[in-house]
Amino acid sequence: MRKTKEPISRKTKKSKSYGGLCLTCRWTATCTFPRDPEKPVLQCEEFEGDDFKPETASKIVEKHIGEQGELISILEEIQAKYGYLPQSALQLVAEKTGRSLVDIYGVATFYSSFSLKPRGRHLCSVCMGTACHVRGAPQVTEEFERQLKINREDTTPDKEFTLTTVNCLGACALGPTVVVDGHYFPNVNTTKVSDIIKKTQDGLDKIELHTDARVFPINVSCPRCNHSMMDATYLIDGYPSIRATMSFENNHGWIRLSSLYGSFKIESEYKIPMGAVVNFFCPHCHAELLGSSNCPECGTKMVPMIVRNGGMMQICSRRGCTGHRLDLNGVNL
Amino acid sequence: MINMKINGLPVSVEEGTTLLEAAKFLGFPIPTLCFMEGLLPYGACRLCVVEIGDGPKAKLVSSCTYLAEQGLNVRTASSRVVKARKMIIELLLATCPQSKVIQDLASAQGVHQQRFRQEHDDCILCGLCVRMCEQQMMAKAIGFQGRGEKRSLGTPFNIKSEVCRLCGGCIYVCPACQLRCTYNQVENAVCNGCANLTPPCLEKEKFDDMMCYMEPCVACEIKNDKK
C-alpha cells in the first residue's frame with residue numbers, strides 16, 4: 001500500500017523537528033499506514049490537499065473495482081486523499097463503476113464519516129448526547145463557536161478546525177466529552193475550551209517525555225548471550241540507549257534505540273531509508289536477533305530482546321513502523 | 001404450489017407470490033400506499049401490515065414484501081392489524097395532512113381524527129417516485145439522501161440532474177403532491193374535490209375543520225356528532 005520513497009536527506013530539505021515523534025493527523029483513528037517521522041506534519045502522506053486530480057481518483061477506483069463492497073472502500077480512500085468527497089470525484093466514481101450518481105450520493109450522505117464539504121485539519125466533535133447535554137454540552141458548543149468564530153458543522157476560513165456535534169460517544173460518565181482528532185477530553189466546561197484549541201494547535205500527540213507516566217525506561221539484554229545491550233555512554237532522550245549492530249543493503253554499522261518505552265527515536269551509523277527492513281545483531285555474541293513472530297502492524301519479522309526484570313520485548317524490524325510488543329512477566333504496568 | 005390459510009380460508013398459490021397478491025386473489029382488501037403495480041414492492045409505508053404466526057409468536061409483517069410460505073396462517077384484519085394500520089394512517093396524516101390519497105385511506109379505515117401535531121411536510125418518503133424513475137423511466141435521476149430525520153428526496157447535490165428527462169413520472173405517482181386539499185387557504189380555495197364525493201362541504205361558512213376531502217367528509221361528520 002505504501003509508496004516507496006527515496007530517502008529524504010535532512011540537509012536538502014528543511015524539516016522542522018518534532019522530537020522524532022509522529023504527530024497526529026485527523027486520520028489517526030483509522031490510519032493503517034505507517035507514518036513518516038521524517039515528515040511529521042499534522043497530516044499524513046495520504047493527504048493531498050484540496051486539489052482534485054482525476055488521475056489519482058481513477059487510480060483509486062481501479063484499485064478497488066470488483067471487490068466486495070467496493071464503493072465504500074473507494075469513497076473512504078478518496079476522502080482520505082482530499083479530506084472530503086468533491087462533487088467531481090463522485091461523478092467520476094459513478095462513471096467508472098457504472099453506478100448511478102444517485103446511489104453514490106445516497107451512500108455518501110448516509111454515512112456520517114463522509115463529508116461533502118471540505119473539512120479542516122482538525123475535526124473537533126462535541127458530544128451532545130443526553131448525559132453530556134444536561135451537563136452543559138450546549139454551552140461548550142457555543143463557546144467553541146465563539147472562540148473559533150464559526151457555526152457548528154462549519155470549518156474555519158484558515159481550514160484549521162471543523163466543529164461538529166455528535167449524538168453520543170458512549171463516554172457518558174466523562175461528559176461533557178469533546179473529541180479532537182481521536183483524543184478524548186473529559187469533563188469539559190467552557191473554561192477548558194481555549195486549552196483544547198491551544199493543545200490541538202500545538203499537536204496532540206506531542207508526548208512530554210519526562211512527565212508522561214506511559215513513558216518509562218527499560219533495560220534489555222540479548223536473548224542469546226544475555227549480555228546487557230544498554231549503552232550508558234550514549235544517551236538518547238536522556239537515558240542510556242540500546243546498542244545493537246544492524247545491516248541492510250550492504251550497509252553494516254551500529255544502531256542505537258531509545259530505551260524509553262513510548263519513544264521511537266533511533267540513531268544509526270548509516271541513514272536507514274523509510275520502510276527498509278533492517279537485520280539486528282547482538283553487539284556481544286553477534287548472533288542475529290530474529291524472532292519467530294511477525295509485526296502486528298506490517299507483518300515484518302520482529303526483533304526480540306530480553307527485559308532485565310523479566311519479560312520480553314519485540315520491536316518491528318522495519319524502519320518507520322512502530323509495531324512492538326512488550327510482555328513483562330507478572331509485572332504490573 | 002404453496003398451501004396456506006388467509007383469514008381461515010385455505011389457498012394455494014405459486015411460489016414467489018407475496019401475501020398481498022394472495023390476499024387480493026381471495027378478495028380480502030388490504031390498503032396500500034407505497035405499493036404500485038409495475039414497481040417492485042418496497043415496504044415503506046407499512047400500511048399493508050398483516051399478522052402471521054400464532055399465539056405469542058404472532059407478528060406483523062408487510063404483506064407486499066413477505067413471500068408466501070407453506071402452512072402460513074395470515075390474518076389481514078385482526079384487531080392488532082387494524083390498530084397498527086390506524087396508527088400508521090394517523091402518523092401519515094400528521095406528516096402530510098393535505099394529501100388526498102392519505103385522507104381517502106384514512107376515511108376508508110375509519111380514522112376521523114389524528115392526535116399528532118401536523119407537520120405539513122412535502123414528502124412521506126414512500127419511495128414511489130424513486131422506483132418510478134428507476135424501474136419505469138430507467139433514469140435514476142432522483143433518490144434518497146441523508147439518514148434518519150434528515151432523510152430526504154432529491155437529485156445528487158440538489159442540482160438539475162443530467163439524466164432527468166422531465167417526464168413527470170415522479171409527480172404522477174406522488175401521493176403527497178397530487179390533488180392537494182387547500183382548506184387552510186379559505187379565500188382562494190375552491191374545494192371541488194369533495195363535490196365529487198358525498199356530502200359536499202362547500203355550503204359550510206368556512207372549512208373550519210380539517211380533512212374536508214375525506215369520504216364521508218369528516219367536518220360534516222363531526223358536526224353531526226355534536227348535534
**Q** What's the separation between atom CG in A:Leu163 and atom CD in A:Glu153, rounded to the nearest 0.5 Å?
**A** 7.5 Å
**Q** Out of B:Val130, B:Thr155, B:Ile142, return the one with the most heavy atom pairs under 4.5 angstrom to chain A.
**A**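 The residue among B:Val130, B:Thr155, B:Ile142 with the greatest pair count is B:Ile142.
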**Q** Salt bridge between A:Glu62 and A:Lys96, side-chain N to carboxylate O under 4.0 Å?
**A**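 Looking at A:Glu62 and A:Lys96, the cut-off is met.
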**Q** With a 4.5 angstrom heavy-atom cut-off, is it the side chain or the backbone of B:Ile159 that approaches chain A, or both, or neither?
**A**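 Just the side chain, heavy atoms under 4.5 Å.
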**Q** With respect to chain A, which residue among B:Cys133, B:Ala141, B:Gly146, B:Gly154 yields the maximal number of heavy-atom pairs within a distance under 4.5 Å?
**A** B:Gly146
**Q** Under a 4.0 Å N-O cut-off, is there an ion pair linking A:Glu77 with A:Lys59?
**A** no
**Q** Heavy-atom distance under 4.5 Å to chain B: side chain of A:Leu90, backbone, both or neither?
**A** side chain
**Q** Checking heavy atoms, do the side chain of B:Ser161, its backbone, both or neither come under 4.5 Å from chain A?
**A** neither
**Q** Any salt bridge linking A:Asp202 with A:Lys198? Criterion: basic side-chain nitrogen under 4.0 Å from a carboxylate oxygen.
**A** yes
**Q** Taking B:Glu134 first and then B:Arg131, would you say they form a salt bridge - that is, a charged N and a carboxylate O separated by under 4.0 Å?
**A**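 Looking at B:Arg131 together with B:Glu134, the answer is no, because their closest N to O distance does not fall below 4.0 Å.
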**Q** Heavy-atom cut-off 4.5 Å, strictly under: side chain, backbone, both or neither for B:Phe144 against chain A?
**A** backbone
